[in-house]
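In what follows, a structure is listed as C-alpha cells, so that the remarks can point back to it.
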Amino acid sequence: MTQIREAWGSKLGFILAAAGSAVGLGNIWKFPYIAGENGGAAFIFIYLICIVIIGFPVLISEILIGRTTQRNPVGAFSMLSNSKGWISVGFLGVLAGFLILSFYSVIGGWTLGYVVETLRGSLSNFKSPEEAGVLFGRLSGNALWTLGYHTLFFFLTMFIVIRGVQGGIERSSKVMMPVLLSILVILMIRGVTLDGASEGLAFLWVPDWSKINGQAILIALGHAFFTLSLGMGAMMTYGSYMSKKDNVVSAAGQIVFLDTVIALMAGVAIFTAVFASGLNPAAGPGLIFQTLPAVFAGMTGGVYFAFLFFLLLAIAALTSAISLLEVVVAYFVDERGWNRKGAVMIFGGTIFLLGVPSALSFNLMSDVTFMGKTFFDVVDFIASNILLPFGGLMIAIFAGWVWSRSAVMEAVKEGAENFFEMNPNFETIWFIFLKFIAPVLIAIVLLNSLGIV
Ligand code: PHE
C-alpha cells in the first residue's frame with residue numbers, strides 16, 4: 001500500500017461531490033410524492049426533525065470513519081475493529097451499493113428518456129395526467145426503451161467513475177451541481193409566479209397534523225437515510241478521500257443543508273405548479289412522470305420547463321449513481337488490488353446486468369413476482385428498507401459505543417479544533433444522539449420494515 005491514494009482537490013470539491021450523492025431521485029422524485037401522500041407540511045416538519053437528530057449525527061460519524069481510515073467500508077471497519085462482525089457490516093455496504101445502483105439506474109434511464117421525449121415534442125399535448133400516464137405506461141412498458149436508457153445511464157456513470165476521484169467525480173460534480181441549482185431556481189421562480197401558486201405553498205407550509213400517524217413517521221425516518229446516502233458507506237468512501245485539515249462537522253452540516261434546501265425547493269417548484277393546474281398532490285410515484293408532464297403541457301413555454309425539469313432529475317440521479325459505483329470500486333481497488341479501470345468495467349458491468357431484470361420488471365417481467373413484488377420492488381425493498389437502516393444503525397452503534405470516545409474525539413477534532421472550542425456542548429449532544437436516540441429510532445424503523453412492529 002505504498003501507492004498514494006486518491007484524494008479530493010479541495011473541501012469545496014468534497015462538499016459538492018457529497019451533496020451530489022445526497023441530492024438525487026430521493027429529493028426530486030421521492031420526497032415530493034411522499035410529502036404529498038402524507039399530508040404536506042406536517043410530514044415535512046417530522047422529516048426535518050429526523051434529518052437533524054438522526055441524519056446529521058450519523059453523517060458526521062460516517063464521514064469520520066472514512067476519513068480516519070482512508071479506506072472503503074470493508075477496509076475501514078477492519079482497520080478500526082478487526083472483528084468479523086464489523087467487517088461484514090462493511091460488506092453489506094458494498095452489497096447495498098450493488099443493489100441500489102442496479103435499480104437506481106433504471107429510473108435514472110427514464111429521466112434521460114424523458115429529456116429526449118421532451119425534445120421530440122411527445123410531452124406537449126397532454127390534457128390530463130391520465131393521458132400523460134398512458135405515454136408513461138407505453139414507454140416504461142417497452143423493454144427496448146427501458147433497457148436502452150438503462151444502458152445509456154450506466155455508461156455515463158461508468159464514464160465518470162473511470163476518470164477517478166478528482167478528474168471524474170469531483171470535476172463533474174463541480175459542473176453538474178451548479179447547473180442543478182440554477183435549474184431548480186428557475187423552476188421555483190416559474191412555480192411561485194403561477195396563478196394559484198399560493199395554494200401549493202400553503203400545502204407545504206401549513207401543517208395538517210391529522211395526517212400524521214406512526215406510518216408517516218417511519219416513512220420520514222427511512223427517507224432521512226436514503227436522501228443523505230447514509231448506511232451503506234457512500235459517505236464513508238467519499239469521506240475517505242477527505243483531507244485531515246478540513247472540518248468534518250462543518251462539511252456534514254453543509255451537505256445536510258444543501259440536501260434539505262434542494263428537497264424543499266423541489267417541493268416548492270412542483271407543488272405550486274401542481275396546485276396551480278388544479279391537480280392532485282397525492283399522486284404517488286406517478287407525480288413526476290404523469291402529473292407533472294400534464295402540468296407542463298398546460299403552461300406557456302411548458303416544453304422548456306419540462307426539458308429543464310427532466311434534465312434536473314437526470315443530473316441529480318447521475319451524481320448519486322457515481323457515488324454508489326464508487327463504493328464498489330473503492331473496495332476492489334483498496335482491498336483487492338484492482339486498478340480503477342478494471343474494477344469499473346467488471347463490477348460496473350455486473351451491476352448493469354443485475355439491473356436488467358429491474359428494467360424488465362415494468363414490461364416483459366411484470367408478471368414475475370415474489371410475494372406480490374416485482375424484481376425491481378424486491379431489490380429496492382431489501383436495499384432501501386433493510387440494508388440502509390441496518391447499516392445506519394450499525395454506524396451509530398459503532399461510533400457511539402464501540403470505537404473509543406477518546407479516539408472519536410481525537411479524529412473529529414482534526415481540522416476542527418476551533419469548532420469544538422467554540423461549541424463546548426456539541427460533543428455531549430452529538431453523543432447522546434449517536435448512542436441513544438438514533439439507535440432506538442432506527443431499530444424501530446428496521447423492525448417495522450421487517451414486519452415485526
Ligand atoms: N441519496 C440519494 C438520493 O436521494 C440516493 C442514494 C442512497 C445515493 C444511498 C447513494 C447511497 O436519491
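Order of listing sets the numbers, starting from 1, for every ligand and every atom in it.
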Looking at [X], which atoms of ligand 1 are within less than 4.0 Å of one of its heavy atoms?
| X | value |
| --- | --- |
| L324 | 10 (C), 11 (C) |
| M232 | 11 (C) |
| L25 | 12 (O) |
| S323 | 10 (C) |

Query - Options Y104, F31, W29, ranked by nearest heavy atom to atom 12 (O) of ligand 1, top entry - result: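 Ranked by closest heavy atom to atom 12 (O) of ligand 1, first place is Y104.
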Between [X] and [Y], is any side-chain donor less than 3.5 angstrom from a side-chain acceptor?
| X | Y | answer |
| --- | --- | --- |
| N82 | S78 | no |
| D259 | T227 | yes |
| R190 | T272 | no |
| T146 | N363 | yes |

Report task. Check step by step if salt bridge (Lys or Arg N to Asp or Glu O under 4.0 Å) holds for E414 and R67. Result -> CA-CA 10 Å; E414 273 185 277; R67 191 187 61 167; 5.1 Å; no
Tell me which protein heavy atom sits closest to [atom], plus the residue, atom name and distance to 0.1 Å.
| atom | value |
| --- | --- |
| atom 6 (C) of ligand 1 | S229 OG, 3.7 Å |
| atom 2 (C) of ligand 1 | S21 O, 3.4 Å |
| atom 4 (O) of ligand 1 | A22 O, 3.0 Å |

Report task. Could you tell me whether some N/O pair between L228 and ligand 1 is separated by less than 3.5 angstrom? Result ->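 There is no such contact.
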Query - Nitrogen or oxygen atoms of G26 and ligand 1 under 3.5 Å apart - result: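 Right, the criterion is met.
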What is the ring orientation for [X] with [Y], classed by angle as parallel under 30°, tilted 30 to 60°, or perpendicular over 60°?
| X | Y | value |
| --- | --- | --- |
| F426 | F419 | perpendicular |
| H150 | F154 | perpendicular |
| W86 | F77 | parallel |

Requested in this report: Could you see which bit of F226 sits under 4.0 Å from ligand 1, with heavy atoms only: side chain, backbone, both or neither?
Outcome: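 It is both parts that get close, each with some atom under 4.0 Å.
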